[in-house]
Trainee: 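Quick one: the structure is below, questions incoming.
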2 protein chains.
Amino acid sequence: MSLTHAPAGAVRQGSLRELNLALVLGRIAMADRPPSRADLATATGLTRATVSAVVEDLLAGRLVSESDPAPRSGAGRPARGLVLADQGPAGLGLEVNVDYLAVCVVDLAGQVRHRTVHRADLRPVAPADALARLVEMAGAAREDAARRGLTLVGAALAVPGLVDDAGLVRLAPNLGWRDVPVPALLAEHPPMIEQVPGIPALTVDNEANLAALGELHSLPPGPSSFLHISGEVGIGAGIVLDGALFRGVRGWSGEIGHLPVHPEGRPCRCGGQGCLEQYAGQEAIVAAAGLARAELPADTATARLAELAEAGDADALRALHDAGTALGVAVAGVVNLLDLDTVVLGGGYAALAPWLCPPVLAEIGARVLTAAWSPVTVRPSTLGAEAAAVGAAGSVVRRIVAQPAGWLARAG
Amino acid sequence: MSLTHAPAGAVRQGSLRELNLALVLGRIAMADRPPSRADLATATGLTRATVSAVVEDLLAGRLVSESDPAPRSGAGRPARGLVLADQGPAGLGLEVNVDYLAVCVVDLAGQVRHRTVHRADLRPVAPADALARLVEMAGAAREDAARRGLTLVGAALAVPGLVDDAGLVRLAPNLGWRDVPVPALLAEHPPMIEQVPGIPALTVDNEANLAALGELHSLPPGPSSFLHISGEVGIGAGIVLDGALFRGVRGWSGEIGHLPVHPEGRPCRCGGQGCLEQYAGQEAIVAAAGLARAELPADTATARLAELAEAGDADALRALHDAGTALGVAVAGVVNLLDLDTVVLGGGYAALAPWLCPPVLAEIGARVLTAAWSPVTVRPSTLGAEAAAVGAAGSVVRRIVAQPAGWLARAG
DNA sequence: TCTATTTGTTCAGCGATTGAATTATTTGCC
DNA sequence: GGCAAATAATTCAATCGCTGAACAAATAGA
């Protein structure tokens, strides 16, 4: 139905300004060139007077800054362009994964301004110790950000597992975590960010979800809907609808890895049979290609596989084709169900996309009813590794842009 | 992410009142007992003064009326309860299906105030003729509604097929429709409703989607998320997220019938193989139970099947168990993907639910990762036949409640 | 009957938007 | 070079709707 979703609570006099601050800032954020106040007035429907007042608040709060006038033909006083500030609030992105820790800082404009990756096998490390190391990295990131005039106002942590609303990691099988109370563990360290009303200090989320958000950031701005599939050991999907992540009733959406593709096929560790993960998971592909599983770490194995396929290795090509077909069966089901027009292959799939896309597209063409009228695009992710950390930081930034009033109230 | 979704456009001075009208009316609609102005003030966060002013507008516009005071213990001036008006604007629901036409009128409170069903095989009837007959029925409904003090302000049509944004029925296979421009055909008749700003005169939608909305109406008010599956000749799903129908990028979501459950299985008319429809569609179940397909019309066949199962007929029980298992495989995939906590079996499945639910639940238990922490409910629909028509009318009513300003501007 | 309590209304004050008028700054033409 | 046209941004009185507090209404219990 997607009715104009009214704000949940009461709309008081002051909310009016809050809403228009968000409206104008959002327009600036999604514009493809620096808009003038007049552009914003026509785009939003507000009067130029109101836009001027709103922009004044945003300038005072260091959320936007004026740029060189956008070149324009014809007579008239030249406009002053408005862009998101490269100083001011920023988001902190954290990621714990099987073989690395990552920290990054993203500014309002979505630029990655700081990035640190610490490679190590995290499986034998206790959750508290892993988080402590992450806090250490975050401290350095914070100092670096401060030198660049950035203030961290919120943090998001990506974890390869199921996370509930409170930030409790219920299960991260490949990491060996179970019922890890992340917020409580992090509360024992000094705070990593400066608290701002309206922006949660820390959110914890599934790695696949946040990688999808990262992808959203790298796209031309504006709402869009797509399915982002992270092919790692497990297979996770992030569902982005109208520019917002869809989390499901309890935040556990996206478990595409256990969609059945051969219902009477191989048993899966989830208890079911013939799950996608058993046919298109990284380990399954590597094994099918004849590479010994334990021989190489995950990312190296993927690179090796791409090399072999590039060289025309028959086993590798067949393994990739079979995996792509299995993936395509699952994706076709999802597209039939949700009517999405774009599928992004991310994580380990990104490097294998040249060989995975054709069979995926073939299955979509064969199984999706509406494919005839409305083509489905399948493409690799544009982000590299640590996409989830970038997406995590980006999720904080999106919150600031969507609710600038909190920051403005604080910063004056 | 589900950030506080701001209204899409500008927030002008008057929008403030519009938003608060919607806020207060929404609270009245979702309350389980008639709330007082004071209740609304505490619930919404507005002051009593504002609520009084807003309620005055709503009373003047005949959207709400005062009811007997809700009994309350203790001292104090007794409250005056507020309920949705049983006179005023109402929604018109229309349905064209394979073997009947249906028209109904739903008032603001969600009550069905008028209902007409015309049974006939619509397959040999030209779309224009079917719609003409529907318009005739709608005319009678309008007069009946007027006698009850109801004004029809919008119409929604349910069709068993794929409908695009403009109301064009791209394909309704079981009805034999293809590229039928419904709005244009209906525009040739006198208007069925009284146009109101903000409420579309006519929307056309998939029958399964609208049946899901009908189910939403029959639930205790408030946002909820569930998957509604209509088991007819085809199998359609309506996805309700947070009380709103999810339509997909182009409005073609819900094609669950072509989720693969046996990827190398029977060929399907969609071009794929092993689609759910081939194993849990009505024709498939009836055939598997040993009932000749052409012998009976669809609804009679379902009733017969239920009788046989009730009597312990082995073939019928086995057919239902197999269908339920196939359905469960598909549903488990959807639940894994979307993290829904409720599945409603509607349409032809409702009557067969006692035999379908157990195998569906079994597959969910076996295949859904999060089932251990958060149980999934599977239950039959509470609505009878013509659920889609009721849902269609309800969708109009929901629009009025979500955007009362349009009606108020008109009615004064 | 009187007091405590809760509901609903009235009214001055105020914040934010509006719309028109005004100022600022450039292009293009004579 | 100077002037008119055009576009951008600001200023300001008017207006709309919410707030907060005081007030009126209506009931239960002492």
Trainee: Whole-Å distance between C:dT17 C1' and B:L19 CG?
Mentor: 14 Å
Trainee: Rounded to whole angstrom units, what separation is found between the CZ atom of B:R17 and the P atom of D:dT19?
Mentor: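 Rounded to the whole Å, the gap is 11 Å.
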Trainee: Describe the nucleic acid contact of B:A38 in one word from base, sugar-phosphate, nothing, applying a heavy-atom distance below 4.0 Å.
Mentor: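 It contacts sugar-phosphate atoms only.
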Trainee: Check the distance between D:dA9's P and A:L46's CG and give it to me in whole angstrom.
Mentor: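 Nearest whole value for this atom pair: 15 Å.
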Trainee: So, is A:R37 near the phosphate of D:dT10, with a side-chain N or O under 4.0 Å from OP1 or OP2?
Mentor: yes
Trainee: Rounded to the nearest Å, what distance is computed from the CD atom of residue A:E18 to the C1' atom of nucleotide D:dC18?
Mentor: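 After rounding, the reported distance stands at 14 Å.
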Trainee: Looking at D:dT19, C:dG8, D:dT11, which one has an atom nearest to any side-chain atom of B:T50?
Mentor: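 The answer is D:dT19, which lies nearest to the side chain.
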Trainee: Rounded to whole Å, how long is the line connecting atom CG of A:L82 with atom P of D:dA8?
Mentor: 13 Å
Trainee: Rounded to the nearest 0.5 Å, what's the gap from NE2 on A:H114 to CZ on A:R142? Could you check?
Mentor: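 Going from the NE2 atom of A:H114 to the CZ atom of A:R142 covers 13.0 Å.
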Trainee: In plain terms, say whether B:R148 and B:D86 are close enough for a salt bridge, that is, a side-chain N and a carboxylate O under 4.0 Å apart.
Mentor: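 No salt bridge links B:R148 with B:D86.
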Trainee: Can you say whether a donor on the side chain of B:R77 sits under 3.5 Å from an acceptor on the base of C:dT6, or the other way round?
Mentor: no
Trainee: One thing to verify: whether B:R247 and B:D205 come together as a salt bridge, which I'm taking to mean a side-chain N less than 4.0 angstrom from a carboxylate O.
Mentor: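 Judged by the 4.0 Å cut-off on N to carboxylate O distance, B:D205 and B:R247 do form a salt bridge.
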Trainee: Would you tell me if any nitrogen or oxygen in the side chain of B:S52 comes within less than 4.0 Å of OP1 or OP2 on C:dG8?
Mentor: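 Checking C:dG8 against B:S52, no side-chain N or O comes under 4.0 Å of OP1 or OP2.
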Trainee: Please report the distance, rounded to the nearest Å, between CG in B:L40 and P in C:dT7.
Mentor: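 To the nearest whole Å, that distance equals 11 Å.
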Trainee: For C:dA16, take OP1 and OP2 only and decide whether either is under 4.0 Å from a side-chain N or O of A:N20.
Mentor: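 Checking A:N20 against C:dA16: no side-chain N or O falls below 4.0 Å of OP1 or OP2.
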Trainee: Using atom CD of B:E66 as one end and atom C1' of C:dT7 as the other, report the distance to the nearest whole Å.
Mentor: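 It works out to 12 Å between those atoms.
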Trainee: Between C:dA21, D:dA22, C:dT17, spot the one nearest the side chain of A:L16, thanks.
Mentor: C:dT17
Trainee: Measure from CD on A:E56 to C1' on D:dC12 and round the result to the nearest Å.
Mentor: 14 Å
Trainee: Taking all heavy atoms of A:S395 and all of A:L213, pick out the closest pair and write down the distance.
Mentor: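 Between these two residues, the closest heavy atoms are CB-CD1, 3.7 Å.
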Trainee: D:dT10, C:dG8, D:dT11: which one has an atom nearest the side-chain heavy atoms of B:R48?
Mentor: C:dG8
Trainee: Can a salt bridge be assigned to the pair A:E56 and A:R37 using a cut-off of 4.0 Å between side-chain N and carboxylate O?
Mentor: no
Trainee: Among D:dG20, D:dA26, C:dT26, find the nucleotide with the atom closest to the side chain of B:T47.
Mentor: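 Nearest to the side-chain atoms of B:T47, counting from C-beta on, is D:dG20.
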Trainee: Taking 4.0 Å as the cut-off, does a side-chain nitrogen or oxygen of B:S36 come that near to OP1 or OP2 on C:dG8?
Mentor: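 For C:dG8, OP1/OP2 do have a side-chain N/O of B:S36 under 4.0 Å.
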